[in-house]
Amino acid sequence: MQKKIACINDISGVGKCSLTVALPLISVLKCQCCPLPTSVLSSQTGYPKYTFVDLTSSIQDYIDTWKELGQEFDTIYSGFLGSIEQIKLVENLIKNNNKALVVVDPVLGDLGSIFPIFDDAYVLEMKKLASMADLITPNITEANLLLGLDPDQFNYSDIALKNICRGLAKQGPNLVLITGFLNDDHIYNISYDAKSDTMTKIGKPYNKMSFSGTGDIFTSIVTALITRGFDIGFSCQIATDFIYDAVNYTASLGSVDRNDGIMFENFLASLCQI
């Protein structure tokens, strides 16, 4: 039976991020991606202009219709959520699908700062959602925020990073992936399994190029793979390698708008083999 993933995120017409990347990546990894859009944008918010339609008022009817149709999901995967109300709707979806694996990408901030649209109340509600997850995928800024630490603290030793992972796991999730951790000209994805208390760092040379949507690509690949039963270490390695190759290829083309995202389509065939 094909695995089914409910994917809750926004969708942009231009800019490769959120549902725009989750749909092809989850599909090529042989899972059914069932999108639940939280908002629709003409272009992702990094561009100088975009339109935005908030779908919060339609989400409950959307979920209720799934329930009436008897739809059940192997995994529930949430990304960007624009309000506390949207977080609560996802929490209720999880409660009504208590057998599902839950993956939460706790989008809160980056580069040492909380995103300006969020406040302390939002962080507390996101912390509650993260506690319901089996796997969370914060960057280091978001990990700090979830633990009540200074968000712009980046100078962590491996011992300190493992303690951060342990602290996050104590809040609920058995699996933690800290994404995009920069150290010594390398960028690392750090996986932690609370059951075995093991942490693994998977690093690549950092080419100092940043593109929109790489976090969504990473979490979508990992989500599909763990849904199929692969372990967190293998899933993290596959996602890391995929993004590294796609980023380098995109950067090699010269003047590419970072808001457009990476040319991941050229590398989808590598995922078909898994």
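All values below were derived from every heavy atom in this structure, side-chain atoms included, with hydrogens, water molecules and symmetry-related copies excluded.
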Reported [atom1]-to-[atom2] distance for the pair [X] and [Y], which is rounded to 0.5 angstrom:
| X | Y | atom1 | atom2 | answer |
| --- | --- | --- | --- | --- |
| Leu129 | Ser78 | CG | OG | 5.0 Å |
| Cys272 | Leu29 | SG | CG | 8.0 Å |
| Leu147 | Gln171 | CG | CD | 5.5 Å |
| Ile238 | Gln273 | CD1 | CD | 11.0 Å |
| Phe181 | Thr179 | CZ | OG1 | 11.5 Å |
| Thr38 | Leu89 | OG1 | CG | 10.5 Å |

Any donor-acceptor pair under 3.5 Å linking the side-chain atoms of [Y] with those of [X]?
| X | Y | value |
| --- | --- | --- |
| Ser27 | Gln32 | no |
| Arg258 | Ser210 | yes |
| Thr56 | Gln86 | yes |
| Tyr77 | Thr227 | no |

On a heavy-atom basis, which atom in [X] and which in [Y] lie closest, and how many Å separate them?
| X | Y | answer |
| --- | --- | --- |
| Leu19 | Pro37 | CD1-CA, 3.8 Å |
| Asp105 | Glu142 | OD1-OE1, 4.4 Å |
| Ala246 | Phe264 | CB-CA, 4.2 Å |
| Val222 | Ala239 | CG2-CB, 3.8 Å |
| Ser252 | Tyr249 | OG-O, 2.6 Å |
| Phe73 | Ala100 | O-CB, 3.3 Å |

Q: Test side chain to side chain contact (heavy atoms under 4.5 Å, CB included) on Ile140 and Leu161 and set out the steps.
A: CA-CA 9 Å; Ile140 192 62; Leu161 284 170; 4.2 Å; yes

Atom [atom1] of residue position [X] - does it have more than 12 heavy atoms of other residues, nucleotides or ligands inside 6.0 Å?
| X | atom1 | result |
| --- | --- | --- |
| Gln71 | CD | yes |
| Ile159 | CD1 | no |
| Asp120 | CG | no |
| Phe52 | CZ | yes |

Determine whether [X] and [Y] make a side-chain contact, defined as any pair of heavy atoms from C-beta on separated by less than 4.5 Å.
| X | Y | answer |
| --- | --- | --- |
| Ile76 | Ile8 | yes |
| Tyr50 | Val14 | no |
| Ile217 | Leu25 | yes |
| Leu177 | Ile136 | no |
| Ile202 | Cys236 | yes |
| Ile87 | Glu91 | yes |
| Leu108 | Thr141 | no |
| Pro205 | Tyr244 | yes |

According to a 4.5 Å side-chain heavy-atom criterion applied to Ile, Leu, Val, Met, Phe, Trp and Tyr, with indirect links allowed, do [X] and [Y] form part of one hydrophobic cluster?
| X | Y | result |
| --- | --- | --- |
| Ile232 | Ile274 | yes |
| Phe80 | Ile114 | yes |
| Met132 | Leu36 | yes |
| Leu168 | Leu135 | no |
| Phe242 | Ile26 | yes |

For the side chain of [X] and the backbone of [Y], is there at least one donor-acceptor N/O pair under 3.5 Å apart?
| X | Y | result |
| --- | --- | --- |
| Asn144 | Asp150 | yes |
| Arg166 | Tyr192 | no |
| Glu265 | Phe267 | no |
| Glu125 | Glu85 | no |
| Asp74 | Lys4 | yes |
| Asn139 | Gly109 | yes |
| Lys49 | Ser43 | no |
| Ser18 | Asp10 | yes |
| Thr200 | Gly233 | no |
| Thr20 | Ile11 | no |

(Q) Between Val107 and Leu81, does the side chain to side chain contact (heavy atoms under 4.5 Å, CB included) criterion hold? Intermediate values first, please. (A) CA-CA 7 Å; Val107 180; Leu81 300 170; over 6 Å; no

Q. Run the side chain to side chain contact (heavy atoms under 4.5 Å, CB included) check on Cys17 and Ser12 step by step: do they pass?
A. CA-CA 7 Å; Cys17 60; Ser12 297; 4.3 Å; yes

Q | Qualifying residue for side-chain contact (heavy atoms from CB on, under 4.5 Å) with Cys165, from Asp197, Thr198, Val176 | A |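 Running side-chain contact (heavy atoms from CB on, under 4.5 Å) over Asp197, Thr198, Val176 with Cys165 returns exactly one hit, Val176.
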
Q. Can you tell which of Asp257, Asp260, Asn259, Val256 makes a side-chain contact (heavy atoms from CB on, under 4.5 Å) with Phe211?
A. Val256

Q) Taking Lys204 as the fixed residue, which of Asp245, Thr240, Asp241, Asn248 is the one that meets the side chain to side chain donor-acceptor pair (under 3.5 Å) rule? A) Asp241

Q. Aromatic rings Trp66 and Tyr62: how do their planes relate, parallel, tilted or perpendicular, breaks at 30° and 60°?
A. perpendicular

Q: For side chain to side chain contact (heavy atoms under 4.5 Å, CB included), just list the numbers for Tyr188 and Lys201, CA-CA rounded to whole Å, side-chain angles, deciding distance to a tenth of an Å, and then say yes or no.
A: CA-CA 6 Å; Tyr188 294 91; Lys201 290 173 67 179; 3.8 Å; yes

Q: Determine, for Asp216 against Lys16, whether the closest basic-nitrogen to carboxylate-oxygen distance falls under 4.0 angstrom.
A: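 Answer for the salt bridge query: no.
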
